[in-house]
Amino acid sequence: MPRYWLMKSEPDVYSIEDLRKDKRTYWDGVRNYQARNSLRDGLKKGDLVLYYHSNAEPSGVAGVARVVREGYPDPSALDKKDDHYDPKHTAERPIWYVVDVEHVETFKKLVPLEALKAEPRLKTMLVIKRGMRLSVQPVEGAHFDIVRRMGQGT
DNA sequence: GCCAACGTTGGC
DNA sequence: GCCAACGTTGGC
């Protein structure tokens, strides 16, 4: 029984089309403890993810990905040359975690944030709350289905 | 590019 | 442990 999540990425940095080309990637660079807890403990193999484009024109849900490997230490936190390097993170005492995700589908039409806000059945979704910055957040199954249908145009 | 909202840091 | 300062996120 898969559970559902929403993950944010800036399309200028890594878009769902980048994921489609790569087929699979590890979700690095999360440096927020609440999101880290979800990556380390929450996301399970087979869980489905709404792929959200943030800081975009327009921002919104661009497609669906699937978790294919559960949380493990973030390699980018060990790499001194990486923007996400964190000296407090070590191989022995990791702080930051990643999961691997694979591309499932790119929506025919991105579902803009505005459309999510306009759909009454989605009014409790976290992502539409003002000031919601959490980059990995849980999504209710019913909400996931509604958003996916909006994206598939069905 | 602006800036409100939020999380984190560090002085005390 | 408080809270001001600072840095980041992310919609607009």
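Just so we're on the same page: letters track the sequence lines, and every chain starts at 1. Just so it is clear, the structure is predicted and the values come from calculations on it, not from any experiment.
With sequence neighbours excluded, the residues satisfying side-chain contact (heavy atoms from CB on, under 4.5 Å) with A/Asp86 are A/Lys88, A/His89, A/Ile95, A/Trp96. Here A/Lys129 pairs with A/Leu126, A/Met132 under the side-chain contact (heavy atoms from CB on, under 4.5 Å) rule; sequence neighbours left out.
Using a 4.5 Å cut-off between side-chain heavy atoms of Ile, Leu, Val, Met, Phe, Trp and Tyr, A/Tyr4 falls into a hydrophobic cluster with A/Leu6, A/Leu48, A/Leu50, A/Tyr52, A/Val61, A/Val64, A/Val104, A/Phe107, A/Val111, A/Leu113, A/Leu116, A/Leu122, A/Met125, A/Val127, A/Ile128, A/Val139, A/Phe144, A/Ile146, A/Val147, A/Met150. A/Leu78 forms part of no hydrophobic cluster, judged by ILVMFWY side-chain heavy-atom separations under 4.5 Å.
Pairs passing the ring-ring contact (aromatic ring centres under 6.0 Å, His included) check and including a residue from residues 111-138 of chain A, sequence neighbours excluded, do not occur.
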Legend entry - Footprint string (nucleotides 6-12 of chain C, 5' to 3'): B base within contact, S backbone only, - free, heavy atoms under 4.0 Å: -BBSBBS
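The residue among A/Arg31 and A/Arg130 whose nearest nucleotide of DNA chain B is located toward the 5' end is A/Arg130.
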